[in-house]
Amino acid sequence: MQLQRILYGGDYNPEQWLHDPEILARDVEMFKEASINTVSIGMFSWSMLEPNEGEYNLDYLEEIINRLHQNGISTILSTPSAARPKWMSDCYSEVLRVNPFGHRYLFGGRHNHCYTSPVYRSKIRKINTLLAERFGKHPAVILWHISNEYGGECYCPLCQDAFRIWLEKKYTTIDSLNQAWMTTFWSHTYNEFSQIEAPSPLGESMVHGLNLDWKRFISDQTVDFAAWEIQALRDAGSMLPTTTNMMYHFPGIDYDDMANVIDVISWDTYPLWHKMDDIEISMDCGFQHDYFRSLKHQPFLLMESCPGPTNWQGISKLKRPGMIEAMGLHAIAHGSDSILYFQMRQSRGSSEKFHGAVIEHYGKKDARMYREVADLGKDLVELSELIGTTTDASVAIIYDLQNRWALEDSQGPRNDGLFYRENVLKPYRAFKKLGVNVDIISSAQSLDSYQIIIAPMLYMFRADIESRIRSFIHNGGTFVLGTFSGIVNETDLCHLGGTPHELMDVFGLRRTETDGLYEGEKNWITSCEELFVNEPYEVRHLCDLLSTSTAQTLYIYKSEFYSNTAAVTLNQYGDGKAYYIGCDVEQRFYDDFVSHLIARTVVNSAIQGIIPYGIEVNSRSSDSYTYTFIQNFNNHDTSLKQINLKGELMYGTNLDTLAAYQTIIMKTKKNL
Ligand code: GAL
């Protein structure tokens, strides 16, 4: 997607204000004053666009798009499938979802529609066709926003049938399905595909292969629905790029697959700023930015963020002065080419009436949120050269949704929580504390361009990851495998003959058993050769017991019947290094371990020196320049005196001390 400016604006719902043209006119004035250049329209417009079946009204939309365009504001146009008009549910009940207990939902809410329903598919095809014919070549429309936050599942008879067809396509014969799921367990063997039902609390939920395939089916069906929506636009002649707004830590869709059907990645971010240390929140949110950027290894769009409090979180906290700038530039620092808000004008009624917005109920320019949004808007105009710049990362962390599905259903050493995300975040934080760019990839993505890869708790080996890890290490890479890894295959059957599956020689060990620790129970690890100064390190939740062959033991357990046995190991394999971290060990360990790895491996660190606590560093690159973002997520001034900053100050002021939530950007010529 070729952009001329960093997209700045957000979701706009003019339908809520059509009765008040003065407000609509004032909105445009206020947008201009805040340097807003883009709005997303149409996410929830279906009952306006088609108030009765077959009766279409697109004129109002065209007027709005034209007026915005005349004022220099582009439109991201949404297809309206996230919520439907009432008449449709009344005439065609099949469009409504059915829950796992077999009850059909009533009309209401949103995301309450069956992705399989032929009626729903034909209705969305028709309205998308009309939208594409009318706006697909409109000069103001720059991008299709396909639906809004796809998600959820339906258990209706149509979906159950589609699931059976999906299974038959995958397994061909019922015998191979029975084997793949090991249905002899509890005598659950199927004779025909037609006997299979989706998992349900009222029925089957203990066949892990079934549970996993149902999740895959739901994900595939949702992606197929998105592709169906896009095809309607293409068939109507619109070749505009497409996106769909994805969600934080969302378990319902394998976004790797969604990424294949859309052109541009976008996502919606609502971090709980100020709930605790903001650096912790910035790490968690930064991880998510990196995850979305890594789906296509291209700049992404920040599609929604909130300039104030939300309406749906436990506590709706105000953003402290400076946070609007910090969180927006944080997204840009991690690779976004936009800062977009939900929403442009605050609703007057219903569930989002207190949700923060660029223009609040008060409606004037001297409101605090509006002022901060407008100030950032002015600054962004100066940053256009960042558009399209990319993120160079020689480190990747594998965070795999399908692995998460299997882990959460493992019924293994800890049903009270395996802390997968936390195990992934620990090395991530350690790299970020050193200012290193990190890609977050699934196990299906290529490993080739990295020097260091960390795969915490990679319980399920899929997509031939065993052989790709082997060659990565053989060719000189450093690979770190975490506890409880390489245990099941793609259909959730345990590997026989020892784990990590097919990599025991590469890591020089075998995981013999895994101990689950009670909540509050601890173990410790210490190094055999006093590697790091901060030991012992605390261990919780999981401890693998390891039997080493060629691996060197770096750390041993201090307690339990397995004290003095290997906990962390290193094996040389080919030209590379294979580390195994056999336990859920505390953050301090990762901080030391990662510094040790970096010291031995060439990684493009953005700046030199010791990065103070609370300062986050990220960089983007063009062919000639590196742009280094230095952001203070402490709520107080922080000195940068211990850092050596190279290049010219491109954004911000004062190089010695950063005020709370302040950002500076350094521009450095490459190869200086
Ligand atoms: C998002 C959604 C928006 C709005 C927002 C409120 O998840 O896409 O439509 O509801 O939440 O925070």
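In what follows, every heavy atom counts, from backbone to side chain, and hydrogens, waters and symmetry copies are set aside. Start at 1 and go down the list; that is how both ligands and their atoms are numbered.
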Ring-ring centroid check Tyr115 Trp228, cutoff 6.0 Å: no

Which residue and heavy atom of the protein sit nearest atom 9 (O) of ligand 1, plus the separation: Arg110 NH1, 2.9 Å

With Arg293 via salt bridge (charged side-chain N to carboxylate O under 4.0 Å, His left out) - residues at least two apart: Asp290, Asp439

Test item, Thr310 contacting ligand 1 (heavy atom, 4.0 angstrom): no

Residue and atom name of the nearest protein heavy atom (relative to atom 6 (C) of ligand 1), distance in Å to one decimal: His355 NE2, 3.1 Å

Ring geometry between Phe135 and His138 (parallel below 30°, tilted from 30 to 60°, perpendicular above 60°): tilted

For atom 5 (C) of ligand 1, closest protein heavy-atom neighbour: Tyr270 OH, 3.4 Å

Sub-3.5 Å N/O-N/O distance, Asn311 and ligand 1: no

Close side-chain approach of Ile36 and Met344, heavy atoms under 4.5 Å: yes

Subset of ligand 1 atoms that lie under 4.0 Å from at least one heavy atom of Asp268: 8 (O)

For Phe44, atoms of ligand 1 separated by under 4.0 Å from a heavy atom: 9 (O)

Asn148 neighbourhood, listing ligand 1 atoms whose heavy-atom distance to it stays under 4.0 Å: 2 (C), 8 (O), 9 (O)

Distance from atom 7 (O) of ligand 1 to nearest protein heavy atom, with residue and atom: Glu149 OE1, 2.5 Å

Residue pair Trp87 / Glu55, side-chain heavy-atom distance below 4.5 Å: no

Aromatic plane relationship, His330 with His289 - under 30° parallel, 30 to 60° tilted, over 60° perpendicular: perpendicular

Sub-4.5 Å side-chain heavy-atom contact between Phe107 and Met88: no

Proximity to ligand 1 by part of Met43, non-hydrogen separation under 4.0 Å: neither

Partner set under salt bridge (charged side-chain N to carboxylate O under 4.0 Å, His left out) for Arg97, not counting sequence neighbours: none

Nearest protein heavy atom with distance in Å, relative to atom 2 (C) of ligand 1: Glu304 OE1, 3.3 Å

Region of Glu352 engaging ligand 1 - heavy atom pairs below 4.0 Å: side chain

